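Just below is one structure, and these are the notes that go with it.
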Amino acid sequence: MNNKPSIPQGTRDFPADVVRKRNYIFSTIRNVFELYSFEPLESPAMENLDTLMGKYGEEGDKLIFKILNNGINNEKNIEKSKAGFEKLLQGKNSSDITERALKYDLTIPFARYVAMNYTKLTFPLRRYQIQPVWRADRPQKGRYREFTQCDADVVGSLSLLNEVELANIYHEVFVRLGVKNYELKINSRKILTALAELCGGAAKMTDITIAIDKLDKIGLEKVKEELQQRGLNTEQIKTTESYLNISGNNEEKLSQIKSLIGKIDSGKQGIDEVEFLFNQTKNTNLSIDFTLARGLNYYTGIIFEVAAPKEVKMGSIGGGGRYDDLTGLFGVPNIPGVGISFGVDRIYDVMDEMNLFPDEVQVSTKALFFNMGEKESSVAFGIMQQLRSNGIASELYHESVKINKQFTYAEKKNIPFVIIIGSKEIEEKKCAVKQLATGNQEIIPFDKLADYLKNL
RNA sequence: GUAGCCAUAGCUCAGUUGGUUAGAGCAUCAGAUUGUGAUUCUGAGGGUCGUGGGUUCGAGCCCCAUUGGUUACCCCA
């Protein structure tokens, strides 16, 4: 008892009922992706470390799970290993110690795939991908070290219609799942660029976005303090403040942003993008939010973020955006793309908390055959196989034990029907079918059983 | 990486200013009931109180360390 088995921090086992609920989310998302003509892709759990490093910002790099090389203690490698370890201690990477890593998201590995295969691929390429990713983050509510992302991306097209479609996919999925009060926030990185130009130039972009992203968390005053710490002068802070004070409904926000940064080139472009998306999509949960920044530094145009319904305390449950030159990082320039991601684990937590899973999700075995003895169970076995060939999931209790034990088993497994075949029934070629929820029992001839159960 | 909280039976938790043999509910098993369950009744098993050290006549309780979990910050799905 002293060496209890355990699993790594932030990872989970999923028992049957959880798997069913998760599969319900997966299949809903997959169906919508397929409906919108996206095609599946899967990539390895691990990537070469240098494929991932430097793509997620400084913080992101720290959160990549690195895989220790094999054979570092091999005699002929010892010197290299020691030198490599010294590099690690200095905070650098060494391919002599680690050259592979678990993937951190699906977008960068996808960009790597496109760059590797662009001569064979047909563009625009619409792909979706549902796979686990890993982050060495400290786990907490709604945050896991292993979690699943569902991504849809369109690459090879600059058209804003892609953004419109992706916004519609968000809506379609959340409506199907019953998550009605989600909020789809949109903004454009170009608008943030324009703000940065007004406030000290492009170099200040990261500082400004990090600070304003925190607005709803820490409030205006704290954001201003942070901007000051990050080296903005009084006038620049004032400009940022009027930017942050933009409010009202979506139309009102648009007209206010126009007067603030509409004369700057990038600002005008960004506003046009947001306005186009807003006008084209029928998504009533869409909300223009100029404080939305998003951390991943490869975004260049429209950015998305999905906020969970306010009644549950949960961070974002999805996000995405346009990246104009992601494959450029891998030597293939000029392939623009735009994508979105669903965070299934958080969507699960939200739906579980809000009780949004339908009961049908849990039904698996439809009928349990009671084991009434050796001869009886061999007859039952034959009938059971007939049911199975009719597509009815069924099970024979594994041994002949007291009836109430078999009842308890059926109940625990949420099996709606039990079928009793004893010596009397065998003689009459009939069986007793009992519905557990109601207690109703009927006598059904063997050859009518499949039809009887199908209609229930 | 930083900080707070928690750790007692398979699970959820009680456990008084430190004081005899550490309790309850649920679950498990057996029986009332060998062809009709889930509400009932009876009984049983199961814990060196996360681990290591210290204070004390005496520690589940106090102190230190350590491990694991959890929440928040940073960042993010």
Side-chain angles (χ1 to χ4, degrees), chain A residues 1-12 25 29 56-64 91 104-107 130-151 170 182 206 209-211 213-214 217-218 222 226 292-297 304-308 313-320 339-350 368 370-373 376 397 400-426 431-443:
Chain A
M1 211 44 90
N2 16 356
N3 56 347
K4 281 191 182 177
S6 64
I7 55 174
Q9 193 182 35
T11 65
R12 297 149 299 157
I25 299 175
I29 293 173
Y56 307 108
E58 212 177 306
E59 282 300 314
D61 282 356
K62 289 184 197 160
L63 300 179
I64 293 171
Y104 178 90
D105 75 349
L106 301 180
T107 308
I130 300 178
Q131 287 193 279
V133 300
W134 293 267
R135 293 184 190 178
D137 220 338
R138 218 38 96 75
Q140 51 185 278
K141 185 179 177 181
R143 176 178 303 186
Y144 308 97
R145 286 186 149 181
E146 178 183 64
F147 62 100
T148 305
Q149 289 192 326
C150 304
D151 276 31
Y170 268 135
Y182 81 94
T206 310
T209 54
I210 287 175
D213 196 35
K214 296 178 185 168
K217 233 179 211 172
I218 63 177
K222 294 263 180 187
E226 186 159 338
L292 177 64
R294 289 191 61 75
L296 296 171
N297 49 16
F304 298 104
E305 187 159 302
V306 181
K313 227 184 139 213
M314 184 70 66
S316 63
I317 55 177
I340 58 171
S341 180
F342 290 84
V344 174
D345 302 80
R346 286 186 179 178
I347 293 172
Y348 177 96
D349 290 344
V350 167
L368 175 72
F370 275 9
N371 191 322
M372 310 301 291
E376 292 86 345
Y397 197 83
S400 174
V401 295
K402 286 203 315 190
I403 284 277
N404 69 12
K405 215 174 163 178
Q406 304 195 38
F407 267 117
T408 308
Y409 178 82
E411 252 168 47
K412 280 198 177 156
K413 287 194 65 177
N414 217 357
I415 298 171
F417 296 96
V418 301
I419 295 169
I420 301 168
I421 299 173
S423 50
K424 193 174 67 190
E425 284 82 3
I426 292 175
C431 54
V433 180
K434 181 161 185 169
Q435 185 167 15
L436 267 71
T438 60
N440 288 341
Q441 183 165 319
E442 289 198 52
I443 306 296

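Source: prediction; values computed, not measured.
- Residue contacts for A:Q149: at a heavy-atom cut-off of 4.0 Å it reaches the sugar-phosphate backbone alone, with no base atom in range.
- Within 4.0 Å (heavy atoms only), A:I210 reaches sugar-phosphate atoms of the nucleic acid but no base atom.
- Between the CG atom of A:D213 and the P atom of B:C75 there is a distance of 8 Å, rounded to whole Å.
- Nucleic acid contact for A:G439: base, since at least one base atom lies under 4.0 Å from a heavy atom of the residue.
- Among the atoms of the strands shown, none is found under 4.0 Å from any heavy atom of A:S341.
- Among the protein residues, A:F342 comes within range of no part of the nucleic acid, since none of its heavy atoms lies under 4.0 Å from any strand.
- Between A:R138 atom CZ and B:G4 atom C1' the separation is 13 Å, expressed in whole Å.
- Checking B:C75, B:U36, B:A72 against every side-chain atom of A:Q441, the shortest atom distance belongs to B:U36.
- The listed nucleotides are B:C74, B:G37, B:G35; the one nearest the side chain of A:E59 is B:C74.
- Rounded to the nearest Å, the gap between the P atom of B:A38 and that of B:U33 is 14 Å.
- Among the nucleotides B:U36, B:C75, B:A77, the one closest to any side-chain atom of A:F407 is B:U36.
- Contact of the A:E226 side chain with the A:I210 side chain is registered, since non-hydrogen atoms from C-beta on lie closer than 4.5 Å.
- Between A:F407 and A:F370, the two ring planes are perpendicular [angle over 60°; tilted spans 30° to 60°].
- Between the P atom of B:A27 and the CD atom of A:E411 lies a distance of 12 Å, rounded to the nearest Å.
- Here A:L436 lies in heavy-atom contact (under 4.0 Å) with a base.
- Contact check, A:Q9 against B:G69: a side-chain N or O comes under 4.0 Å of OP1 or OP2.
- Distance from the side chain of A:K424 is smallest for B:G35 among the nucleotides B:G35, B:A72, B:C29.
- With hydrogens and angles ignored, a donor-acceptor pair closer than 3.5 Å exists between the side chain of A:R143 and the base of B:C75.
- What separates NZ of A:K222 from P of B:C74 is a distance of 11 Å, to the nearest Å.
- B:U36 atom P lies 17 Å from atom CD1 of A:I421, rounded to whole Å.
- When heavy atoms are screened at a 4.0 angstrom cut-off, A:G422 is found touching base atoms of the nucleic acid.
- For A:K402 against B:U34, a side-chain-to-base donor-acceptor contact under 3.5 Å is absent.
- Here the nucleotide nearest the side chain of A:K214, chosen from B:G37, B:A77, B:C74, is B:C74.
- Using a 4.0 Å heavy-atom criterion, one finds that A:K62 contacts no nucleic acid atom at all.
- Residue-level contact check: A:S423 touches the bases, meaning some heavy atom is under 4.0 Å from a base atom.
- A side-chain donor-acceptor contact under 3.5 Å links A:Y170 to the backbone of A:G319.
- Both A:I7 and A:R346 lie near RNA chain B, and the one whose nearest nucleotide falls closer to the 5' end is A:I7.
- Residue A:I420 is in base contact, counting any heavy-atom pair closer than 4.0 Å across all strands shown.
- Both A:D137 and A:E376 lie near RNA chain B, and the one whose nearest nucleotide falls closer to the 5' end is A:E376.
- Under the stacking criterion of a centre-to-centre distance below 5.5 angstrom and an interplanar angle below 30°, A:F147 sits stacked against the six-membered ring of B:A77.
- Between A:Q140 and B:A72 there is a side-chain polar atom (N or O) within less than 4.0 angstrom of OP1 or OP2.
- Using a distance-only test at 3.5 Å, with no hydrogens or angles considered, a donor-acceptor pair links the side chain of A:Q406 to the main chain of A:V401.
- Across all strands shown, B:G60 remains unpaired; no Watson-Crick or G-U wobble contact has both distances below 3.5 Å.
- Base pairing annotation: B:C29 forms a Watson-Crick or G-U wobble pair with B:G43, both donor-acceptor distances under 3.5 Å.
- Look at CD1 on A:I415: it is 14 Å from C1' on B:A38, rounded to the nearest Å.
- Between the side chain of A:R12 and the main chain of A:E146, a donor-acceptor pair closer than 3.5 Å is present.
- Listed for the A:E425 side chain is a donor-acceptor partner under 3.5 Å among the backbone atoms of A:G422.
- In terms of modelled atom types and a separation under 3.5 Å, the side chain of A:R346 and the main chain of A:G142 share a donor-acceptor contact.
- Contact between the side-chain N/O atoms of A:R294 and the OP1/OP2 oxygens of B:C75 is not found at any separation under 4.0 Å.
- Among the atoms of the strands shown, base atoms are found under 4.0 Å from some heavy atom of A:E425.
- Taking atom CZ of A:F417 as the reference point, atom P of B:U36 lies 21 Å away to the nearest angstrom.
- Between the NZ atom of A:K412 and the C1' atom of B:U28 there is a distance of 8 Å, given to the nearest Å.
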